[in-house]
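Written out below as structure tokens is the structure these notes cover.
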Amino acid sequence: MEIYRLTDIFFMIFHTSLILFNITGWIWKRTRTLNLILTGLTGISWLVLGLIAGKLGYCPLTDLHFRVLEKLGKTGLPDSYIKYLADRLTGMDFNASMIDKMTLYVFLAVLVISVFLNIRDFHLKRHKG
């Protein structure tokens with residue numbers, strides 16, 4: 001049982017850090033390319049893996065983490081890791097639909113910003129050299 005608790009902590013730190021990097025990684029020039037890659041992979045997972053798994057928004061990290069939580073006796077887990085995270089961190093029960101919409105809007109905004117800044121940086125670098 002201890003290994004599952006440690007794995008839960010690992011996923012809380014790793015998955016949450018990845019989400020935060022997806023949201024903010026475009027801010028720093030040095031991390032923009034990695035941010036674009038990881039944000040793109042997130043979108044591909046949500047869409048392509050989602051179509052394969054039969055659930056748009058599918059994330060393998062969420063799937064693995066929720067399997068660990070089930071081993072720890074957690075039941076009634078939501079479909080969304082963001083909802084789970086918000087509920088777990090605050091002790092509240094957020095509306096799943098609202099969380100899903102906010103997640104999508106933030107993702108799309110971040111993707112547009114990251115694409116724009118990466119293209120701009122590429123053009124600036126090309127014209128400089």
Side-chain angles (χ1 to χ4, degrees):
M1 199 62 93
E2 186 65 28
I3 190 68
Y4 292 118
R5 286 192 206 337
L6 292 172
T7 306
D8 174 40
I9 292 167
F10 165 78
F11 275 116
M12 282 295 295
I13 293 168
F14 178 73
H15 199 182
T16 303
S17 297
L18 179 62
I19 291 165
L20 291 172
F21 181 76
N22 274 356
I23 294 169
T24 63
W26 56 268
I27 294 170
W28 304 278
K29 191 172 185 173
R30 296 182 80 189
T31 60
R32 282 184 189 149
T33 302
L34 179 60
N35 174 259
L36 180 60
I37 291 167
L38 291 175
T39 303
L41 288 173
T42 299
I44 289 168
S45 171
W46 288 358
L47 187 59
V48 176
L49 293 180
L51 288 171
I52 293 168
K55 182 172 77 172
L56 287 178
Y58 175 80
C59 174
L61 292 177
T62 300
D63 192 16
L64 291 171
H65 191 181
F66 283 8
R67 288 181 193 198
V68 168
L69 291 171
E70 287 169 357
K71 295 284 187 185
L72 289 170
K74 306 273 186 199
T75 59
L77 295 167
D79 290 332
S80 161
Y81 182 77
I82 301 295
K83 175 174 170 31
Y84 167 76
L85 187 62
D87 291 354
R88 182 170 174 174
L89 293 177
T90 65
M92 297 171 66
D93 183 17
F94 287 92
N95 178 284
S97 178
M98 178 195 69
I99 293 288
D100 289 346
K101 287 176 186 171
M102 285 178 45
T103 300
L104 178 61
Y105 298 151
V106 169
F107 172 79
L108 292 173
V110 164
L111 184 61
V112 167
I113 291 167
S114 188
V115 166
F116 172 78
L117 291 175
N118 273 279
I119 290 171
R120 187 195 69 180
D121 291 349
F122 175 77
H123 285 296
L124 288 174
K125 188 176 181 180
R126 206 167 101 184
H127 292 304
K128 233 183 205 183

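Note that the coordinates shown come from a computational prediction; the quantities given were computed from them, not determined experimentally.
Between the W26 side chain and the I23 main chain, a donor and an acceptor come within less than 3.5 Å of each other. S80 contributes no side-chain N or O that, together with a main-chain N or O of D100, makes up a donor-acceptor pair within less than 3.5 Å. In terms of modelled atom types and a separation under 3.5 Å, the side chain of S114 and the main chain of V110 share no donor-acceptor contact. At distances below 3.5 Å, at least one donor-acceptor pair connects side-chain atoms of N118 with backbone N or O atoms of R32.
For the atom pair T75 OG1 and L69 CG, the distance stands at 10.5 Å (nearest 0.5 Å). The CD1 atom of I3 sits 11.0 Å away from the CZ atom of F10 when rounded to the nearest 0.5 Å. Note: T7 OG1 to F14 CZ = 13.5 Å, rounded to the nearest 0.5 Å. Here the CD1 atom belonging to I99 is positioned 13.0 Å from the CG atom belonging to L104, to the nearest 0.5 angstrom. The structure places CZ of R5 at 6.0 Å from CG of L72, a figure rounded to the nearest 0.5 Å. Between the CG atom of L56 and the CG atom of D79 there is a distance of 11.5 Å, given to the nearest 0.5 Å.
Across D63, L61, T16, a single residue satisfies side-chain contact (heavy atoms from CB on, under 4.5 Å) together with Y81, and that is T16. Applying salt bridge (Lys or Arg N to Asp or Glu O under 4.0 Å) to D8 and the options R88, R67, K74 leaves one that passes, R88.
Cluster membership for V112 and V106, using ILVMFWY side-chain heavy atoms within less than 4.5 angstrom, is not shared. Placement of M92 and L85 within a single hydrophobic cluster is found when ILVMFWY residues are connected by side-chain heavy-atom separations under 4.5 Å, directly or transitively. One hydrophobic cluster, built from ILVMFWY side chains closer than 4.5 Å, cannot hold both L111 and I27; they sit in different ones. F116 and I113 fall within a single hydrophobic cluster, where Ile, Leu, Val, Met, Phe, Trp and Tyr are joined by side-chain heavy atoms under 4.5 Å apart, directly or via other members. Under the 4.5 Å side-chain heavy-atom criterion for ILVMFWY residues, a single connected hydrophobic cluster contains both L89 and L77.
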Are F107 and T39 close enough, and set up right, to give a side-chain contact (heavy atoms from CB on, under 4.5 Å), and what steps lead you there? CA-CA 8 Å; F107 172 79; T39 303; 3.6 Å; yes

Quick one, D87 with K83, criterion salt bridge (Lys or Arg N to Asp or Glu O under 4.0 Å). Give me CA distance, side-chain angles, the key distance, then yes/no. CA-CA 6 Å; D87 291 354; K83 175 174 170 31; 2.5 Å; yes

Run the numbers on I37 and L41 for side-chain contact (heavy atoms from CB on, under 4.5 Å), then give the verdict. CA-CA 6 Å; I37 291 167; L41 288 173; 4.1 Å; yes

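Other residues, nucleotides and ligands contribute over 12 non-hydrogen atoms within 6.0 Å of the CE atom of M12. Atom OH of Y58 has more than 12 neighbouring heavy atoms from other residues, nucleotides or ligands inside a 6.0 Å radius.
Nearest heavy atom pair, residue P78 against residue F66, reads O-CE2, 2.9 Å. Of all non-hydrogen atoms in L64 and F11, the two that sit nearest each other are CB-CZ, 3.6 Å. When all heavy atoms of C59 and S45 are compared, the pair lying nearest together is CA-OG, 3.7 Å.
Proximity of W46 to T103: side-chain heavy atoms (C-beta onward) are separated by under 4.5 Å at one or more points. Under the 4.5 Å side-chain criterion, counting only non-hydrogen atoms from C-beta, W28 is not in contact with N35. In this structure the side chain of I82 never reaches within 4.5 angstrom of the side chain of F94, judged on heavy atoms.
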